[in-house]
Amino acid sequence: MKDIPMLDLYREYEYMKADIDAAINKCLEHQRWILGPEVKEFEAKVARYLNVKHCIGTSSGTDALVLSLRALAIQTKGQEYFDRTEEIITTPFTFTATGDAVLRSGARPAFVDIDPSTYNIDPRKVREYLNRNAMLPPAERAKVIGIIPVHLYGQSCDMDEIMNIAEKYNLFVVEDVAQAFGGMWKGKKLGSVGTTGAFSFFPSKNLGGFGDGGMITTNDDAVAELDRMLLKHGGKDKYNVDHIGYNARIDTLQAAVILAKLGYIDEFNTRRRNIAALYDEALKEIGETLLILPKSLPDAYHVYHQYTVNVSGREDLQSYLKGKGVASMVYYPFPLHKMKVFGEGRCSVAHNLENAEAAAKRVVSLPIEPLQTEEHSLYVAHCVRDFFKQ
Ligand SMILES: *Cc1c(COP(=O)(O)O)cnc(C)c1O
């Protein structure tokens, strides 16, 4: 029987073994484990790749989000944290960390529904939320300060709309790029459009390290300087600090691994896009009433961190595929506003989040390992088609 996993990290390692082993061996020789030479080199190379002024390695994607928000609190209000009267708009259909980072910055997440065709936050609904808020009597109005668009599954949000809204309402924009390294909006790399970008190098991300890691991008010198302070305890001098900081540096070793893998990212994103195109072609005959395929915006360069379809009765499809040796996963089964952590008045909810709730019940992602053979991709598609013929 075939055994087709969601991802095959060992196979990827073998493919890049010479480069990765050399990078790790170099670290073993110099033993500079904290902010060693690879961290600087990684930050400079990635900044060039993304065409962004500053790139700051962090210990995870979650920390990249938290540090981005903390630096913005210090910069915009001169205080260490935001407070619960300050709202940051984001999507309820994302990994928990997006909303959790807002809570940890002191602010309140305001969840706005997604566009059901892209699964990304719907800019029209963001406008509606802000317009409605602006009509309220001043005493009842929420103080909205920022927005976190999440480029889910590797596809850019509509960044023209997001940036227009941000300008109109004077909001900062923290892009959550955890799933979209190398993705673009109208030719601009994601993470270079908003006020900051937060990336994750969690091993399963489309650019993954050998452990936790992340990165902040920004073109704002002051924010970059604050983030550099926050990630080493809150000061320029770690023995005499200014802010409530963290120990949130990226490891030298992770920076070395990411540097080695950076040379393959364009090839791997192309491979993902090719598998997606093969699935699109092979699955379209099933028809949208039974199986909705992912939609890609013409202005977005989609890097397919996930290939996610939408189906009613997904458990049956998943167990059928499992019986054929094909893995599948659900990202994400619970929208954030339904989680206990965002309860007890900790978040605001735009009146209706029905698209996020429907997606959480219906989405399922198929294997999209970049080194998956064409034969295996065709087999996956064949199994999905057979399921609907039963
Ligand atoms: C993975 C992920 C994060 C968090 O990244 P970590 O490196 O795991 O902390 C944040 N947001 C999204 C959308 C993610 O997929």
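Ligands are counted one by one from 1 in listed order, and the atoms in each one are counted from 1 as well.
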Going through the checks in order, is the ring pair (Phe, Tyr, Trp, His ring centres under 6.0 Å) test met by F111 and F342?
CA-CA 10 Å; F111 294 120; F342 298 106; 5.5 Å; yes
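Side-chain heavy-atom separations under 4.5 angstrom define the hydrophobic clusters, and L136 shares its cluster with no other residue.
Residue pairs satisfying the ring pair (Phe, Tyr, Trp, His ring centres under 6.0 Å) criterion with at least one member in residues 208-261, sequence neighbours excluded, are absent.
A cation-pi arrangement, defined by a distance under 6.0 Å to the six-membered ring centre and an angle within 45 degrees of its axis, is absent between R273 and F268. Judged by the 6.0 Å and 45° rule, K77 forms no cation-pi pair with F82.
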Show me the donor-acceptor pairs within less than 3.5 Å that the side chains of residues 200-209 make with the rest of the protein, sequence neighbours left out.
from : atom 1 : to   : atom 2 : distance (Å)
S200 : OG     : F202 : N      : 3.1
N206 : OD1    : F181 : N      : 3.3
N206 : ND2    : F181 : O      : 3.0
N206 : ND2    : N269 : OD1    : 2.9

Could you list, one pair per line, each nitrogen or oxygen of ligand 1 together with any protein nitrogen or oxygen closer than 3.5 Å, giving atom names and the distance rounded to 0.1 Å?
from     : atom 1 : to   : atom 2 : distance (Å)
ligand 1 : 5 (O)  : S200 : OG     : 3.3
ligand 1 : 7 (O)  : G61  : N      : 2.7
ligand 1 : 7 (O)  : S200 : OG     : 2.6
ligand 1 : 9 (O)  : G61  : N      : 3.3
ligand 1 : 9 (O)  : T62  : N      : 2.8
ligand 1 : 9 (O)  : T62  : OG1    : 2.5
ligand 1 : 11 (N) : D176 : OD1    : 3.3
ligand 1 : 11 (N) : D176 : OD2    : 2.8
ligand 1 : 15 (O) : Q179 : NE2    : 2.9
ligand 1 : 15 (O) : K205 : NZ     : 2.7

